[in-house]
Structures are given as C-alpha cells and as structure tokens.
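The next block holds one structure in the form of structure tokens; read it before the comments.
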Amino acid sequence: MSLLRLGVLVSGRGSNLQAIIDAGKKGEIPAEVVVVISDQPDAFALERARANNIPAIYIGFQDFSNKEKYEEKVAAVLKQYMVEIVCLAGYMRVLGVNMLEAFPNRIMNIHPALLPAFPGLHAQARAWEHGVRFSGCTVHFVDEEVDTGPIILQAVVPVLAEDTAETLAARILEQEHKIYPAAIRLFAQNRLRIQGRKVYIKN
Ligand code: GAR
C-alpha cells in the first residue's frame, strides 16, 4: 500500500510534528511527512524536519501583500509536494478560503482542550483557571471558523489539585502525541466519513 503524503504546517517547537514523523517511521501509520512549512523562520519544528531529511520551508506572511496571496503560496508548495492531507501542528494562523478550497475536508488540526470548550489561544491555561475537573485534546477537521470543525478524536485527562497550567499542559501534550497519529491512521485507512458536524469512524 502506498503511503499517504502529509504536509505539516507549524509555527513553533514541533513536538506533534515529531510524534507524527516517529509514528510514520515506526510503521504505526501508513503515512509519511513529505514537507513541513513554517510561518516562523526560527521554529524548532523546521530543525526537526531537517534532522529527518524532510524538506523544511519557511514562508513569511509579511512577504505577501495579503492573506490570500500568502495562502496561495502555501497551497502551491503543498501541491508541488503532492500532499494529500494537511496537518496543522501548532500552526498559529487561522486558515482562509484559499487553503480550505485547495484541500477540502483534507485539513486536520490538534487543539489542547476538549472542544467546543476553550477554543483559541492559551486553551490549557484557560481550562486550568476556569477550574474544570477534566480537560484534554481534540483532533478535528478544519473549517472556516476557529476550532469549530467536525471532531475526529478526543482524549480526556484529569485536572489535579496540585496542577499548574504547565503541568496540565504537559499531561495534555502526552495525549496529543497519541491521538494525532491515531487520527491520521484512520484517515489513511479511509475510515473517516464526515456527515454534517459529525465524523463517523468505519470499523
Ligand atoms: C500544541 O499543544 C497544540 O495543541 C497547540 O499548540 C501546541 C503546539 O505544540 N495548538 C494550538 O493551540 C492551536 N490552537 P508543538 O509545536 O510542540 O506541537
């Protein structure tokens, strides 16, 4: 079976990228990362890609006249590498119409909270400050709003009395590294069917 070609968009440290690369290398997912694109020149994720001989490309938002032009470029690079699915892994930009139309129902994101709770930035700290007993993470398909698309997988973690926002974030991150590769595996196996807001998983 041929491997699903993944393009990963990043902005920062890239630990989810690393989990996806590792799962591919170990043969746990029938997929390979063929290109990594960052909107930040010094993202550590780019170094991780290079260390794994994966093309690591910086595309600076400020080098384009607007979001449409910027996304046209990002989509063109992804197409050049014949990417079949785009994974946002700590990519801190809201996608616009050009990207969504270039990869319809083929863009996933990981979010460090149990959506629809705590969408947007600093989700772990906001969950901790709110005093929830459980939080977690969500892999979902991306739509035109922020963190609202159909949910593929979630993992739950407890919030402990002695937690800080940082220890909670670390507990959530551990689960992120499991459910992102798991969601990609389901997609690669053609087992995800989107119907309205819902994602059905075929046996
Ligand atoms: C992860 O916790 C991811 O869920 C979060 O950024 C972190 C990136 O870490 N994403 C968002 O908050 C998106 N709204 P990583 O670069 O080590 O994968």
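Each ligand, and each atom within it, is numbered from 1 in the order the structure gives.
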May I have the list of side-chain donor-acceptor pairs in residues 59-66 shorter than 3.5 Å, sequence neighbours left out?
| unit_1 | atom_1 | unit_2 | atom_2 | d |
| --- | --- | --- | --- | --- |
| Gln62 | NE2 | Tyr58 | OH | 2.9 |
| Asn66 | OD1 | Glu68 | N | 3.1 |
| Asn66 | OD1 | Lys69 | N | 2.8 |

Note: with side-chain heavy atoms under 4.5 Å as the link, the other cluster members for Met82 come out as none

Near Ser15 (heavy-atom distance under 4.0 Å), the atoms of ligand 1 are 15 (P), 16 (O), 17 (O), 18 (O)

| Any side-chain donor-acceptor pair under 3.5 Å between Lys25 and Asn52? | yes

Below 3.5 Å, N or O to N or O, backbone or side chain included: is there any such pair between Tyr91 and ligand 1? no

Looking only at protein heavy atoms, what sits closest to atom 13 (C) of ligand 1 is Ile110 O, 4.0 Å

Glu176 heavy atoms within 4.0 Å reach ligand 1 at atoms 1 (C), 2 (O), 3 (C), 4 (O)

Among non-hydrogen protein atoms, atom 14 (N) of ligand 1 lies closest to His111 ND1, 3.5 Å

Any donor-acceptor N or O pair under 3.5 Å, side chains Ser11, Gln40
no

Quiz item: Do other residues, nucleotides or ligands put more than 12 heavy atoms under 6.0 Å from Arg133 CZ?
Solution: no

message = Looking only at the side chains, is there a donor atom on one of Gln124 and Arg126 sitting less than 3.5 Å from an acceptor on the other?
response = no

Closest non-hydrogen contact found for Ala183 with Ile152 is CB-CG2, 3.9 Å

Heavy-atom proximity to atom 16 (O) of ligand 1, picking from Gly12, Gly14, Ala113, points to Gly14

Within 4.0 Å of some non-hydrogen atom of Gly90, the atoms of ligand 1 are 6 (O), 8 (C)

Here the atoms of ligand 1 under 4.0 Å from any heavy atom belonging to Met92 are 6 (O), 10 (N), 11 (C), 12 (O)

among protein heavy atoms, the one nearest atom 12 (O) of ligand 1 is Pro112 CD, 3.5 Å

If we only consider heavy atoms of Gln18, is any one of them less than 4.0 Å away from an atom in ligand 1? no

A student comparing His177, Arg48, Arg93, Arg13 should find that the heavy atom closest to atom 7 (C) of ligand 1 comes from Arg13

* Does Ala45 reach ligand 1, in the sense of a heavy atom lying below 4.0 Å from it? -> no

Q.
If hydrophobic clusters are built by linking Ile, Leu, Val, Met, Phe, Trp and Tyr wherever their side-chain heavy atoms come under 4.5 Å apart, do Leu6 and Val142 end up in the same one?
A. no

